[in-house]
Colleague: 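Dropping the structure in here first, questions after.
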Amino acid sequence: MAWPIEEIPDEDSLYRRIHRVHLRHGDIDAAAFTNTKGDNRMSLDWAKYSTALQARDRARDPGANAIAVLEAGRVRGLPGQMVEHAPVEDNRAHSSITGEKTPRVRLELKRLCSLVIPMQDPG
Amino acid sequence: MGGTRQNAHEIIDRLPDSQITSVLSLLERIAEPERTLDANSLDQGPEALRHVCEAVHASRVLLGLGEGWNGEEATAISEETWRRATEFLSRNAQSLWREHGVRIEAPRIVPVPDGTLDIHWKVAKRELLVNIPAKTGERAKYYGDDGAGHHVVEGDLDTAAANHWLLMWLSE
């Protein structure tokens, strides 16, 4: 089934998985905000169709991931970044932040986000 | 020979933690001289740069991250990229100390899923992110500000050139 593509309102939340390598004492590294390999966009889940827990459990190893939340409108305020709903067959919540992830953009994304599900067993 | 090795272990076991790093550095230099060039130069430097030296040594663990280290499609960190990052850090920290008497904080050296390395400083009035590329010859990109988007520095640089001005900015 093909899900319709919707407009994500500025005030809506997006969940981003953060691997434990990129967490230190609850602080998130800017390295956690990079585009998917070979692509110009970074994946997230739209809170309209996913809980934070569901977003974490989509990871290959959920126990190795925390979940951070970002507000769509604030991400759109970053240089060269677009927030788009990009549903896939098994995940209606799937969304993207498209645009080059320069050091500035990654540092700003790190500052805009906050953890909603911490690591269960911090490394 | 076996007894000599055992004696060495016993002596190391008796050392206080504060001396372990220095001894480890020395042993690494003897065992793998070609892999410790960057750290060597810092080891021979002043006590003021010890924390940077320790950050460099600690970051070697990143070379053990294989393909897919983030549970997805992350690229492994190559020895060449690590060496480029740590040499950039070591050389400029030393230059800043030697020429200006300024001691920088130890950064966090972080693997990026695309195989590059981030060098990240967050100090009282400044935050700086330098991304060391995985491709040979590609310039490193950097961005820094005061945490509120002011006093911005942004651009790219040749990691082999003298860049301690950037670390000087960090310490302002």
Side-chain angles (χ1 to χ4, degrees), chain A residues 16-45 55-68 74 77-81 91 94 99-112 119-121 123, chain B residues 55 58-59 61-77 81 85 106-122 126-134 138-157 166 170:
Chain A
R16 170 71 176 171
R17 286 196 298 270
I18 309 292
H19 191 265
R20 64 182 169 205
V21 168
H22 292 138
L23 286 165
R24 192 183 192 200
H25 307 310
D27 195 24
I28 302 170
D29 288 319
F33 303 100
T34 51
N35 287 334
T36 303
K37 197 171 187 175
D39 208 344
N40 190 39
R41 54 189 172 179
M42 178 182 101
S43 292
L44 309 91
D45 286 332
R56 191 197 65 177
D57 289 347
R58 288 188 187 95
R60 290 179 193 166
D61 181 3
N65 287 268
I67 294 292
R74 301 189 76 181
L78 300 180
Q81 306 303 300
N91 183 11
H94 186 261
E100 185 185 0
K101 301 300 180 289
T102 62
R104 176 183 177 181
V105 168
R106 293 194 288 114
L107 201 55
E108 297 278 11
L109 284 168
K110 161 190 159 65
R111 291 170 177 168
L112 290 179
M119 278 296 301
Q120 289 179 324
D121 180 22
Chain B
S59 71
V61 71
L62 302 179
L63 295 175
L65 295 174
E67 296 289 324
W69 51 262
N70 65 345
E72 298 188 13
E73 296 179 339
T75 301
I77 304 299
T81 304
R108 183 156 154 75
I109 303 172
V110 184
V112 184
D114 61 4
T116 64
L117 280 171
D118 277 351
I119 304 178
H120 179 222
W121 284 270
K122 188 174 183 180
R126 295 281 192 272
E127 189 164 16
L128 175 65
L129 186 65
V130 181
N131 179 249
I132 306 297
E138 192 173 320
R139 293 170 69 85
K141 293 179 179 174
Y142 64 88
Y143 175 82
D145 65 22
D146 63 354
H150 305 123
H151 302 288
V152 170
V153 287
E154 185 172 20
D156 55 56
L157 54 80
L166 188 56
L170 185 67

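Being a predicted model, the structure only gives us computed values, none of them experimental.
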Colleague: Looking at A74(B), G149(B), G71(B), which has the largest count of heavy-atom pairs under 4.5 Å with chain A?
Modeller: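 That would be G71(B).
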Colleague: Pick out which of N131(B), V130(B), L128(B) makes a side chain to side chain contact (heavy atoms under 4.5 Å, CB included) with P103(A).
Modeller: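 Going through N131(B), V130(B), L128(B) one by one, the side chain to side chain contact (heavy atoms under 4.5 Å, CB included) with P103(A) is satisfied by N131(B) alone.
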Colleague: Against chain B, label D61(A) side chain, backbone, both or neither, depending on which of its atoms sit under 4.5 Å from a heavy atom there.
Modeller: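 Nothing of D61(A), per the 4.5 Å heavy-atom cut-off to chain B.
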Colleague: Quick check on the structure: residues of residues 108-117 of chain B within a heavy-atom distance below 4.5 Å of chain A, by number.
Modeller: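 Listed by number: R108(B), V110(B), P111(B), V112(B), P113(B).
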Colleague: Any side-chain heavy atom of H120(B) sitting closer than 4.5 Å to one from K110(A)?
Modeller: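 Counting from C-beta outward, H120(B) and K110(A) do come under 4.5 Å.
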Colleague: Just wondering, are more than 12 heavy atoms of other shown residues or ligands nearer than 6.0 Å to CZ in R74(A)?
Modeller: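 Incorrect, the count does not exceed 12.
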Colleague: Charged N to carboxylate O below 4.0 Å: is that the case for R111(A) and E127(B)?
Modeller: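 Yes.
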Colleague: Examine whether an atom of K101(A) lies under 4.5 Å from a heavy atom of chain B, and if so say whether it belongs to the side chain, the backbone or both; otherwise answer neither.
Modeller: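 Neither the backbone nor the side chain of K101(A) comes within 4.5 Å of chain B.
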Colleague: Identify which part of A64(A) has an atom lying under 4.5 Å from any heavy atom of chain B, answering side chain, backbone, both or neither.
Modeller: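 Contact with chain B is absent: no heavy atom of A64(A) under 4.5 Å.
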Colleague: Can you tell me how far CD of E154(B) sits from CG of L107(A), rounded to the nearest 0.5 angstrom?
Modeller: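 Output value for this atom pair is 10.5 Å.
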Colleague: In the structure I gave you, are the side-chain heavy atoms of R20(A) and N70(B) within less than 4.5 Å of one another anywhere?
Modeller: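 When only atoms from C-beta onward are counted, N70(B) and R20(A) do not touch, as no gap falls below 4.5 Å.
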Colleague: Could you check whether any side-chain heavy atom of Y143(B) comes within less than 4.5 Å of a side-chain heavy atom of T102(A), counting everything from C-beta outward?
Modeller: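 Y143(B) does not reach T102(A) side chain to side chain.
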Colleague: Give a yes or no on whether a salt bridge exists between K122(B) and D27(A), defined as a side-chain N under 4.0 angstrom from a carboxylate O.
Modeller: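 No.
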Colleague: May I ask you to name which of R60(A), R104(A), R17(A) has the most heavy-atom pairs under 4.5 Å with chain B?
Modeller: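 Of R60(A), R104(A), R17(A), R104(A) has the most heavy-atom pairs under 4.5 Å with chain B.
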